[in-house]
Each structure stands twice: as C-alpha cells, then as structure tokens.
Visitor: 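Once you've had a glance at the structure underneath, I'll fire off some questions.
All heavy atoms count here, side chains included; hydrogens, waters and symmetry mates do not.
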Amino acid sequence: MKRRHSMPFGAECLESGGVRFRLWAPAARQIELCLIDASLIDATTSAWLPLEASDQGWFELVTDAAKTGAQYRFRVDGAKAVPDPASRFQPHDVHGPSEVVDPNAFDWQDAAWRGRRWEEAVIYELHVGAFTRAGTFSAALEQLDYLADLGITAIELMPLADFPGLRNWGYDGVLPFAPDSTYGRPDDLKKLVQGAHQRGMMVLLDVVYNHFGPEGNYLNAYAPQFFTDRHRTPWGDAINFDGAGSRVVRNFFIHNAVYWLNEYHFDGLRLDAVDAIIDDSSPHILTELATVVRKSVEPDRHIHLILENDSNQARFLRRTEKCQTQGYTAQWNDDIHHALHVLLTGEGDGYYSDYSDRPLNQLGRCLVEGFAYQGEASLFRDGKTRGEPTTDLPLNAFVSFLQNHDQIGNRAFGERITTIADERAIRAAAAILLLAPSPPLLFMGEEFGAETPFLFFCDFEPGLAEAVAAGRRNEFARFARFNDPAARAGIPDPDAASTFEHSRLSWDDLTQPAHCQWFRFYRQMLKLRCQHIVSRLSNVCAIKAHYELHGDRGLSAHWEFPDRSELTLLANLGTTSLSGLTSSASRIIYASEGVDEIDALQGTLPACSVVWFLEA
C-alpha cells in the first residue's frame, strides 16, 4: 500500500518521472534551484535552474533533471543558498542540502490498521535518541515487543523535525517536514510506525507549531511574512497566523499535521505549548487545523489530537451531544502532576507554588473533574485567572502523568521522581494515576524505576551554545538553591556531549532486582487497567464523581459509570497510618503492599498506600 500527502510547496515527485519544486518567497526577486552532486563532500553545485515567479510570492519549476534521491538547495537573489523549508529529508543536517524523497517508494503493510479508541490509551513518551544506546528509529523498533508486553497501547515520540547538530530534545526543530537524520532515514521511521501497528500500538508524534529553533531557520531571508512583531512569545516574534500573508503560513502548518498523519500513518499528534500560539483571527488556527485534519483522514480511522496548553482552555476539548470529539481529544494535565509532586516532595518553588497550600484538594479535583485550575487566580502568574470550567467533558480528555520530559528535564540536574521522593509514596501515586479513568502517560524508563537523569541537551553552533548554557543556568537564579552563581555553574552544560550521554536510558538496570520489581508493578497495574477500567470508559461523557478529603493526607474518590458499576479510591499519602476512609464498596481490585484487607474495608490504611474498589 502506498501513502503520500501532496503539498503545494516543496519537492513533489511526478508520475512522469520529473520533480516539481515550489517555494513561497515573497521577499525574493529571484529563486534558483541548485542541484547538488552528492558524491562531492563539499556539495558542489552541478546545475543552476531558475524557478518561474508567479503571483503572491510563489516560485515554481518542473524539471526532469532531478530524480528521487537528488539533493538540492534554493538560491535566493543570486546569493544565499538555503534548504527547502518543506524538505522531506536533510541528509547533512539543517544547513545542508535537502533530498528529493518519493513517498511511494515505501510499501506499507498495515492497511488493516484503523487505530485504537482513545479510552484504551496508555501512553509511553520517549526520546528516540536517548531511548536506546544506538538512538535510532531501528533501535526503537527492536524494543516494541517489550513495550507491548508492558501494556503500552500508544507510543509518543518527542519531536523529530530536523534540528541543528547531533542531539536535541526536538523542540528546536526548523524543518518540520523532515525527520532528523540522526535517527535514520524516512523509511526507518515508517518501519517503526508500522511495527508498532503490527503489535497493536498507536504512535503519536509531538509537533511544534509555536516557534522555530534559533539555528538553521532561513525563512527570514526570503519569507519574513512567516513572523510578526505584533505578538511576542518566549522565543521572540510570533509566527504569523493572523496578519498579511498568514494564509500561506497557516496552510504550511496544517499541511504538516496532515502529512504526518497520512504519509507516515501516525495515529495522532501532540501540539506543544499552544498557549504560545497567538491568533486574533477567526477561526483560530487550532480550530481550523483540527477541522481540516478530521476531514483529511479516512472516517473510520481513530485519530487523536492532544494539546499542551498552560491556559487550560477547555473550549478546545468540547464534545458533541453524542460525546464525539469535535476538535481536540485531550490535553496534558499539568495540574495533576504538580499537585502530586508537591505531595510527594514538599517542593514549592516556581510553578509548584500554586499547589503548595492545598495539593490534596487539587489532586481530588483533577481526578474527578480534570483541571484543578478552572478560572481561579494563579499566584505564580501574578494573580491572573487560569483555566476554564470542564463541565460535561469526559475524564479521558485529561492525560495524567507522574513524570514526563518537561517535569524531569526542566530540573537543573534532570532528576527523576525516584531519586527525590519516598519509594512507597511514588508507588501509591502511580497506583492512583494508572487506575483512575483519565488516560495515563509514562516517561521512558519510569516503568522500571530508572534513575538515569533526563537533562536538557542540545548541539548548537559556537556562540549560540554558550548563550544557551548561560541562559539555562540563569533560569534557576530565582530558586534559593541556586542564588549563588557558583552553585549555578555546577548545572550541566546543555551543549556538552556528556550531558546527552548521561540522559540515555540504562537498560542494564532491568537485570537488578529492585528495577525488576518496579517493572512487575507497572505491568500488573496496566493489566488491571485493561481488565477493569477501559471497558467502562467507552463513549462515556458524564461520569458521576466526587471526592472527599481526610485530613491533609487522606483522600477518597468515587466514580459511577453508566453501566452502574462503581469505582472507589482510598488513598493515604501521609507518613503515618490513617483511619476514617470510609467506602461502601467491598470488592478490592488492588491494594498497596502492606495493606490488610479487613482494615481497608474498615477504612484504615497504613502510610503511603492506596486501595481500589470496584463494584460491578
């Protein structure tokens, strides 16, 4: 089976055997195609062909001089040679030539795959480069049986868009259609996606539509209309989604979304930090993108769009009267992570300050309603209100997690929760998230209690690398622990190769009894989720739910499903035994180690323990 997404820009292979090249360059007078002799290390130009100018800044050329595998650049006004912004592959990184790729050259073997329903989602977030020793798509493919055995149903890949250098989190990508060559070729990525489908797992991809990275972005040289100084973001001028020329810009990113879903057969996208996407026009770019995506895939495919949105805008998650997804399937729920993190560690710096006063209450609200912040004032944000009401939203619209790349990597030393909190408390928190109705997300290695850090790493050119390292260290100046410049100097250099190497997973840990015990725990919990929870979430919008607090460390939560089954959680996240956690249920499906069943039925739990009841 062949899969190809046709685009109005970039290099498109024609049935006639030639290639059509098309570039939007409204600030250029002349564009030439530079075909490269790939056999020469210095990529000497072997041909210069002018593109014909047309209306509204477009330049186009159809030629038989280029074939599949040809490498090329565009030359702007007889001077700067740049890669194709819609390049499908960059064999020599972001500053090098682009390569003509024919999507029809790959023969897909997963024609029967239609995806999985969202309520079945158990998400495993991974960074391709740090997931295995080899750090490639092919190496990740070899781990798929392990993930399927664990109980994972959806793999989420951190961004793959071509970034500068050999290592990066992926959020500094500058060529959003080209999977980074560090990980392999496009066909290697397709084999990874296909391999996951053959094992019954979805594959989701992180995409970044709020900014371009600081190195390798040449758009300002010929299409400055991609950006606007009317809006500002943490990365500088915003992407132009609502000004003059924005129609092409909007199409560029909408095509990118459809491209990954159709040409690469991804099952969904996670859009990074959409609160930094500023659009004063109507419809909002997020609304238009979701609408086009859902019209551009087969109606019987399960496609999932997930947001990261610090603003907690429930409007993007609304369902129809029949509980069908209209735009976005779910959002990463930072609130539940932050509340749990404060409960487990006692930390209250930075954004954790919004959760330091009543974390247990906020945890309970997340479990039964979704967001903790639904319009309340945020002290961390200088008293500004944050969030919108989640009324009528299903709980599967909120992705829960105890760890992810941000919450580990944004720490100065990239510590995982297992190195900074009590093991019993971590196990109790994981048991809460893995059996609650909201879909859980694991970060790579979490399932075996990995202790390797996940640090912030990059590989920028000289000058920029030093500035990024200094900026990274200065970010922590507001924390008491790093008030002293000497203390900040000890924060690992993001650009050092050793920082990346220390972030690689250590699979040898699985030979050690303690890590094997963690793995057995996670696999048991995911098996219980599959057996008892998933079937009750199908097409369920409204679940009657409530929670109660018992002191400052005791919590009970209760969910009533349309099939009349009832799920009840009793949790003691304190360091001493707790009584009074009443429940009318009697069938225990899970209890923490050390919990006496009779005591649990009477509402008494030891420190750092949970009990789950299910009455069918």
Side-chain angles (χ1 to χ4, degrees), residues 125 156 158-159 169-173 176 204-213 227-243 246 249-250 253-254 256-257 268-290 293 304-318 326-339 350-355 362 366 370-390 393 397-401 404-407 409-410 441 475:
E125 186 194 19
E156 180 173 330
M158 289 175 65
W169 272 18
Y171 299 93
D172 293 312
L204 314 174
L205 176 65
D206 271 23
V207 291
V208 182
Y209 296 157
N210 51 43
H211 77 290
F212 289 89
F227 307 96
T228 175
D229 60 5
R230 293 180 297 106
H231 306 305
R232 296 288 292 176
T233 75
W235 306 279
D237 287 351
I239 292 177
N240 176 26
F241 288 116
D242 59 2
S246 62
V249 179
R250 292 168 77 97
F253 289 100
I254 291 171
N256 185 256
L269 305 172
R270 179 261 194 189
L271 278 65
D272 176 67
V274 299
D275 51 286
I277 294 175
I278 307 171
D279 181 8
D280 291 335
S281 66
S282 182
H284 192 281
I285 180 60
L286 291 178
T287 301
E288 183 181 0
L289 185 147
V293 160
H304 310 297
L305 299 176
I306 301 100
L307 298 175
E308 181 193 27
N309 186 356
D310 185 68
S311 298
N312 279 6
Q313 293 167 304
R315 70 188 76 168
F316 292 116
L317 306 173
R318 294 297 175 199
Q326 298 183 75
Y328 292 87
T329 312
Q331 177 179 314
W332 275 24
N333 191 358
D334 282 345
D335 285 353
I336 198 166
H337 168 271
H338 297 348
Y351 47 68
Y352 293 128
S353 61
D354 273 348
Y355 305 83
Q362 290 165 315
C366 288
F371 296 141
Y373 278 85
Q374 300 182 29
E376 290 77 14
S378 163
L379 295 178
F380 176 69
R381 296 164 182 81
D382 299 321
K384 295 180 181 178
T385 59
R386 173 173 176 253
E388 297 172 351
T390 60
L393 285 181
F398 308 94
V399 177
S400 299
F401 43 86
N404 66 30
H405 75 274
D406 267 335
Q407 306 309 331
N410 284 342
L441 176 144
E475 286 178 6

Visitor: If every non-hydrogen atom of V208 is compared with every non-hydrogen atom of G170, which pair is closest and at what distance?
Guide: CG2-O, 4.5 Å

Visitor: Is F398 close to I336 at the side-chain level, that is, under 4.5 Å between some pair of heavy atoms?
Guide: no

Visitor: Holding to ring pair (Phe, Tyr, Trp, His ring centres under 6.0 Å), I want the full list of residues that pass it with F401, two or more places apart in sequence or in another chain.
Guide: W332, H337

Visitor: Taking all heavy atoms of N404 and all of E125, pick out the closest pair and write down the distance.
Guide: CB-OE1, 3.4 Å

Visitor: List in chain and number order the residues that pass salt bridge (Lys or Arg N to Asp or Glu O under 4.0 Å) with E376, two or more places apart in sequence or in another chain; answer none if no residue qualifies.
Guide: R365

Visitor: Roughly how far, to the nearest 0.5 Å, is the CG atom of L289 from the CD1 atom of I277?
Guide: 8.5 Å

Visitor: Starting from the C-alpha separation in whole Å, work towards a yes-or-no answer on side chain to side chain contact (heavy atoms under 4.5 Å, CB included) for F371 and L317.
Guide: CA-CA 12 Å; F371 296 141; L317 306 173; 4.2 Å; yes

Visitor: Going through the checks in order, is the side chain to side chain contact (heavy atoms under 4.5 Å, CB included) test met by E156 and L205?
Guide: CA-CA 6 Å; E156 180 173 330; L205 176 65; over 6 Å; no

Visitor: I need the L379 CG to K384 NZ distance, nearest 0.5 Å.
Guide: 13.5 Å

Visitor: Applying side chain to side chain donor-acceptor pair (under 3.5 Å), name anything that partners D335, two or more places apart in sequence or on another chain.
Guide: N312, Y355, R386

Visitor: With sequence neighbours excluded, what pairs up with T287 under the side chain to side chain donor-acceptor pair (under 3.5 Å) test?
Guide: none

Visitor: Shortest non-hydrogen contact from P234 to A276?
Guide: CD-CB, 4.4 Å

Visitor: Excluding sequence neighbours, so at least two apart, what forms side chain to side chain contact (heavy atoms under 4.5 Å, CB included) with H304?
Guide: W118, M202, H302, I306, T329

Visitor: Which heavy atom in V399 sits nearest to a heavy atom in A330, and how many Å separate them?
Guide: CG2-CB, 4.0 Å

Visitor: Measure the spacing between CG of N210 and CD1 of I285 and express it to the nearest 0.5 Å.
Guide: 12.5 Å

Visitor: Would H284 and F241 count as a side chain to side chain contact (heavy atoms under 4.5 Å, CB included) if you check the C-alpha gap in whole Å, the side-chain angles of each, and the deciding distance to 0.1 Å?
Guide: CA-CA 9 Å; H284 192 281; F241 288 116; over 6 Å; no

Visitor: Considering all heavy atoms of both residues, which atom of R250 and which atom of S281 are nearest to each other, and what is their separation?
Guide: NH1-OG, 3.2 Å

Visitor: Tell me the closest heavy-atom pair linking D242 and S246, and the distance in Å.
Guide: N-CB, 3.6 Å

Visitor: Who are the ring pair (Phe, Tyr, Trp, His ring centres under 6.0 Å) partners of F380, not counting sequence neighbours?
Guide: none

Visitor: Checking side-chain polar atoms at under 3.5 Å, does Y351 have a donor or acceptor matched by the opposite partner on D334?
Guide: no

Visitor: Report yes if the side chains of P389 and Q374 come closer than 4.5 Å at any heavy-atom pair, otherwise no.
Guide: yes

Visitor: Does any N or O in the side chain of Y209 come within less than 3.5 Å of the main-chain N or O of A257, such that one atom is a donor and the other an acceptor?
Guide: yes

Visitor: Under the salt bridge (Lys or Arg N to Asp or Glu O under 4.0 Å) rule, collect the residues that match up with D206, sequence neighbours excluded.
Guide: R270

Visitor: Go through the structure and list residues passing side chain to side chain donor-acceptor pair (under 3.5 Å) with D310, not counting sequence neighbours.
Guide: R381

Visitor: Which residues pass the side chain to side chain contact (heavy atoms under 4.5 Å, CB included) test with A238, sequence neighbours left out?
Guide: T228, H231, T233

Visitor: Could you please spell out the steps behind the salt bridge (Lys or Arg N to Asp or Glu O under 4.0 Å) verdict for R230 and D280?
Guide: CA-CA 11 Å; R230 293 180 297 106; D280 291 335; 5.3 Å; no

Visitor: Using modelled atom types only, decide if a donor and an acceptor are shared between the side chain of E308 and the backbone of D272 within a distance under 3.5 Å.
Guide: no

Visitor: Do Y328 and L271 make a side-chain contact, defined as non-hydrogen atoms from C-beta onward lying under 4.5 Å apart?
Guide: yes

Visitor: Please determine, by modelled atom types, if Y373 and H338 share a side-chain donor-acceptor pair under 3.5 angstrom.
Guide: no

Visitor: Would F253 and V207 count as a side chain to side chain contact (heavy atoms under 4.5 Å, CB included) if you check the C-alpha gap in whole Å, the side-chain angles of each, and the deciding distance to 0.1 Å?
Guide: CA-CA 10 Å; F253 289 100; V207 291; over 6 Å; no

Visitor: Which residues satisfy the side chain to side chain contact (heavy atoms under 4.5 Å, CB included) test with R232, sequence neighbours excluded?
Guide: D237

Visitor: Listed by chain and number, what are the side chain to side chain contact (heavy atoms under 4.5 Å, CB included) partners of S311, not counting sequence neighbours?
Guide: D275, N309, Q313

Visitor: Ring pair (Phe, Tyr, Trp, His ring centres under 6.0 Å) with F227: which residues, sequence neighbours excluded?
Guide: F212

